[in-house]
Amino acid sequence: MTISLPVILAVSAVMFGLGVYGALTLNNAIRVLMCIELVLNSVNINLIAFSRYISPDPARGQVFSIFVMTVAAAEAAVGLAIILLIAKRRSHIDIERINLLKW
Amino acid sequence: MTVTDWVFLVAAAATLVGAWRVVMSQKIMHAALWLGFTFIGVAAIFLILGADFLAAAQILVYVGAITTIIIFGIMLSAVEDLRGPVEGSIWQRFFSQFATPRKGIFALLAGAGFAVLMMILYTQSSWPAAPGPEVLNTPRLIGEALFRRFVVPFEVASVILLVAFLGAIVLTTREEESK
């Protein structure tokens, strides 16, 4: 057996599902950020697998996943800065109790 | 099964176990360390798929920078609530699912439902059986693509990074000045 494309895609789909489940259920804001990183990583696996198996241009999927990494780094930096600010002001980061914008 | 298949199976299993532990660990520090483990597994999958430059970038950016930033974030905030076991154990969470559907059955549907749906989709469509020819010299190809065809998105991405880091610095220092 050689590694077939659906197996790789299934691994990435399971990882995506775990990330979505964690981001929806966890209470700690930093944990939610970690789960979003999982989701972005699984998308990267998909992009590279498609670029290896299907794309006529070998570098295209890899370039796309570099852009995904850039956005993930920016998101982690800004997200953690916001979370640290909230932790300073309210002395907790429980997203159920951060209800300033909840109506 | 060839050696590559075994390596892929081990890397995929490590990645999935790591992702499971990120979601299910009770302590946030354990989740952060398992996140780094997951990123290393993903880098191994990249290597098997022939994306050597991206595997190196994955180790540098995710394991080296993002995991460290998250651990710094946990360390820098002296909030006990942030470090302690805020999340319940797996069984506590499993039973509390029936109490609040928004955190339980709906989230389960969104996560597991998506994964199952995609797998059904994958098994029903036809895929090329073998990968394309081995791509050599990927850094050169990526560099040419970045600076020729994708030069505008590349510059936009660098501006996004600059703005994000400036924003992070401004957000965290403004608070201290106002005190």
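Just so it is clear: chains get the letters A, B, ... in the order the sequence lines come, proteins before strands, and each one is counted from 1. Computation of the quantities below employed the complete heavy-atom set of this structure, encompassing side-chain atoms and omitting hydrogens, waters and symmetry-equivalent molecules.
Top candidate by heavy-atom pairs under 4.5 Å with chain B, chosen from A/Gly79, A/Ala23, A/Ala13, is A/Ala13. By number of non-hydrogen pairs under 4.5 angstrom with chain A, the leading residue of B/Leu146, B/Ile48, B/Leu35, B/Val156 is B/Leu35. Among B/Leu49, B/Leu109, B/Leu141, B/Leu121, the residue with the largest count of heavy-atom pairs under 4.5 Å with chain A is B/Leu49. Most heavy-atom pairs under 4.5 Å with chain A, from the set B/Ser158, B/Gly113, B/Pro153: that is B/Pro153. Contact count versus chain A (heavy atoms, under 4.5 Å) is highest, among B/Ala12, B/Ala145, B/Ala31, for B/Ala31. Most heavy-atom pairs under 4.5 Å with chain B: of the set A/Val11, A/Ile48, A/Val20, this distinction falls to A/Ile48. Top candidate by heavy-atom pairs under 4.5 Å with chain B, chosen from A/Asn44, A/Asn41, A/Thr70, A/Leu38, is A/Asn41. The candidate from B/Phe154, B/Phe165, B/Phe72, B/Tyr122 with the greatest count of non-hydrogen atom pairs under 4.5 Å with chain A is B/Tyr122. Per-residue heavy-atom pair counts under 4.5 Å with chain B were compared for A/Leu80, A/Val78, A/Leu33, and the maximum is reached by A/Leu80.
In this structure, B/Val61 is not a member of the same hydrophobic cluster as B/Ile160, with clusters built from ILVMFWY side-chain heavy atoms closer than 4.5 Å. Under a hydrophobic-cluster definition in which Ile, Leu, Val, Met, Phe, Trp and Tyr are linked whenever side-chain heavy atoms come within less than 4.5 Å, directly or via other members, B/Leu161 and A/Met69 are assigned to different clusters. Taking hydrophobic clusters as Ile, Leu, Val, Met, Phe, Trp and Tyr residues chained together by side-chain heavy-atom distances below 4.5 Å, B/Phe8 shares a cluster with B/Val3.
Contacts between B/Thr15 and chain A at a heavy-atom distance below 4.5 Å involve the side chain alone, from C-beta outward. Looking at B/Ala157, the atoms closer than 4.5 Å to chain A (heavy atoms on both sides) sit in the backbone and in the side chain alike. Contacts of A/Ala72 with chain B are made by both backbone and side-chain atoms, with heavy-atom separations under 4.5 Å. Contact of A/Val63 with chain B is made through the side chain alone, with heavy-atom distances under 4.5 Å. For B/Ala13, no part sits under 4.5 Å from any heavy atom of chain A, backbone or side chain. With a 4.5 Å cut-off on non-hydrogen atoms, B/Ile66 touches chain A through its side chain but not through its backbone. The part of B/Phe114 that comes within reach of chain A is its side chain, from C-beta onward, which places non-hydrogen atoms under 4.5 angstrom from that chain. Interface remark: B/Ile45 contributes side-chain atoms only to the contact with chain A (heavy atom separation under 4.5 Å). Only the side chain of B/Phe53 comes within contact range of chain A, with heavy atoms under 4.5 Å apart. Proximity to chain B (any heavy atom under 4.5 Å) is shown, for A/Ile82, by both the backbone and the side chain. Interface residue B/Ile70: backbone and side-chain heavy atoms are both found under 4.5 Å from chain A.
Within a 6.0 Å radius of CZ in A/Phe64, no more than 12 heavy atoms belonging to other residues, nucleotides or ligands are found.
Panel note: side chain A/Ser12, backbone A/Ile8; no donor-acceptor pair is recorded below 3.5 Å. Judged by distance alone, with hydrogens and angles left aside, the side-chain atoms of A/Arg31 form no donor-acceptor pair with the main-chain N or O of A/Leu26 at under 3.5 Å.
Residues B/Ile71 and B/Met75 form a side-chain contact, since some pair of their non-hydrogen atoms from C-beta on lies under 4.5 Å apart. Counting heavy atoms from C-beta on, the side chains of A/Pro6 and B/Thr123 never come closer than 4.5 Å. Side-chain contact check for B/Gln58 versus B/Leu54: every heavy-atom pair is 4.5 Å or farther apart. Put simply, the side chain of B/Phe37 does not reach to within 4.5 Å of the side chain of B/Arg21, judged on heavy atoms. At a threshold of 4.5 Å between non-hydrogen side-chain atoms, the residues B/Thr38 and A/Met15 count as touching. Side-chain contact between A/Leu9 and B/Met118: absent, with no pair of heavy atoms (C-beta onward) separated by less than 4.5 Å.
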